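Here's the structure, in structure tokens; my notes come after.
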2 protein chains.
Amino acid sequence: MKKKEIIKLPENTKYEQLVNTSYNLFMRHGIKRISVEEICQEAGISKMTFYKYFKNKIELAKFVLNKIFNDQMKVYRNIMKEKTSFEKKIEKVILMKHESTEFISKEFFNDLTKNPIEEIAGLMKQFHEDSIKEIMNDLKKAQKKGELRKNIKPDFIFYFLNGIQLMAEDENLSKLYSTPNELIMELTNVFFYGILSNKNVT
Amino acid sequence: MKKKEIIKLPENTKYEQLVNTSYNLFMRHGIKRISVEEICQEAGISKMTFYKYFKNKIELAKFVLNKIFNDQMKVYRNIMKEKTSFEKKIEKVILMKHESTEFISKEFFNDLTKNPIEEIAGLMKQFHEDSIKEIMNDLKKAQKKGELRKNIKPDFIFYFLNGIQLMAEDENLSKLYSTPNELIMELTNVFFYGILSNKNVT
DNA sequence: ATTTTAATGTACGATATTTGTATATTTTAT
DNA sequence: ATAAAATATACAAATATCGTACATTAAAAT
């Protein structure tokens, strides 16, 4: 007789405790530095309970990252729904991006880019592509509405966005900034404001 | 033929690099979480060089803590030398204490109190006693000058200060505050302002 | 009250990481 | 060219972490 496969998932206090504390710990110290036992201690649960909900630390990290990503995209979509100018929206998005990465420590960022755990790296790539797709869509719409220069090819924008991602991962470039946030902020800034339709350009 | 025992210590770039980066890493993550290799990588030195200057991580940590303590005491003494009212000085000291612990992460604090490495704990105790002694002295002086209530026994103040230290280490008390800083701030506040001479009291 | 279920604590072998040192190589200054 | 200082690499020994098994306790359901 095997054990039941169905586990009542959410709304569980222990479960939420686990997710929340690991979220905080990961944010402050990255994934590598945090041990399962530390998470359990901090969350006030036993190790066995941990392994009931998550196969291992990586799975938990993936879940947490998912949460972060989805939360961010939710905010992004809400901003895009607003009825202000495209320029204002972009401004807000940049600000949002900046603020949301503000608690993300250098070590967390490094865990995700420099010495990434294989699985996590894949997840991050997925997230990146998804967000690119969605943003691209919005950009195309904006272009049609004349809020962006018409003479920029969507493909160019796509590769430029990828370039930004790569640049953000370049440690030589990173060295020029005291925090990853600064670099990312700068890059997105250049990206968005650099391609904003000049009022005199067709 | 043994190697020379004398090593030219300071002003060395590598040496300073080592001390500074470890200071930063310790502050952000505590001692336990940081490995020697990580320090070396971050500082851009080899492990061999590390072990030339410091016997091990603990010794380095002790050195760094020493530096922090001495720097703090220097600031304290400078404040005490000023020619304002005792009340104002205390205010400044509290502020200084608060600010100096502001970069000290929760994890660093925990390393020093909750699960302390034996040697480090001893050092911290020493620091604590030294500072108590010095502060006590200043308090006695202030008492003589009538800036503090005369009817408080120095011994009481001594034990009260110890009590503060203990309270700061009590994790049940800590839970009431989001950061250790807040708790410490509160405690010192109560201590200093609670015993400040009421203008109507002899 | 008794049974089921869920959570915990302890212990443990298997891995993985970290430590501190030895050795050979490279760099720097003289 | 030579000596002194720093580095890279490799490594055994010590530690830490992982994931699981088992016995125990706590809570919930019957």
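Because the structure is a prediction, the values reported are computed rather than measured. Chain A is the first sequence line, chain B the second, and so forth, proteins listed ahead of strands; every chain is numbered from 1.
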*Report, as yes or no, whether the 6.0 Å neighbourhood of atom CD on B/Glu129 holds more than 12 heavy atoms from other residues, nucleotides or ligands.*
yes
*Is A/Glu134 atom CD crowded by more than 12 heavy atoms from other residues, nucleotides or ligands, each under 6.0 Å away?*
yes
Protein-nucleotide distance ([X], atom [atom1]; [N], atom [atom2]), rounded to Å:
| X | N | atom1 | atom2 | result |
| --- | --- | --- | --- | --- |
| B/Asn56 | D/dT15 | CG | P | 12 Å |
| B/Ile39 | C/dT19 | CD1 | C1' | 12 Å |
| B/Ile34 | C/dT17 | CD1 | C1' | 14 Å |
| A/Lys55 | D/dG19 | NZ | P | 9 Å |
| A/Lys14 | D/dA26 | NZ | P | 13 Å |
| A/Ile45 | C/dA7 | CD1 | C1' | 10 Å |
| B/Arg33 | D/dA16 | CZ | C1' | 14 Å |
| B/Lys57 | C/dT21 | NZ | P | 16 Å |

*If the plane angle is over 60° it's perpendicular, under 30° parallel, otherwise tilted; pick one for B/Tyr15 and B/Phe63.*
perpendicular
*A/Ser35, nearest nucleotide to its side chain (from C/dT19, D/dT17, D/dA8)*: D/dT17
_Please pick, from D/dC22, D/dC18, C/dT23, the nucleotide with the shortest atom-to-atom distance to any side-chain atom of B/Met48._
C/dT23
*Confirm from the modelled atom types if A/Lys47 and C/dG9 form a donor-acceptor pair under 3.5 Å, side chain to base only.*
no
*Donor-acceptor pair between A/Tyr76 and A/Asp138 side chains, under 3.5 angstrom*: yes
*asked:* Is it true that B/Gln126 and B/Asp130 share a donor-acceptor pair across their side chains at a distance under 3.5 Å?
replied: yes
*Taking C-beta and beyond as the side chain, do B/Leu60 and B/Phe26 meet within less than 4.5 Å on heavy atoms?*
yes
*Looking at CG of A/Asn56 and CD of A/Glu59, how far apart are the two atoms once the value is rounded to the nearest 0.5 Å?*
5.5 Å
_Axis bend over the full length of the helix from C/dA1-D/dT30 to C/dT30-D/dA1, computed from five pairs that close each end, to 10 degrees_ = 40°
Below the 4.0 Å mark, does [N] have OP1 or OP2 next to a side-chain nitrogen or oxygen of [X]?
| X | N | result |
| --- | --- | --- |
| A/Lys32 | C/dT17 | no |
| A/Lys52 | C/dA7 | yes |
| A/Thr49 | C/dA6 | no |

*Start at the 5' end of DNA chain D and walk down; is the nucleotide closest to B/Glu37 or to A/Tyr51 reached first?*
B/Glu37
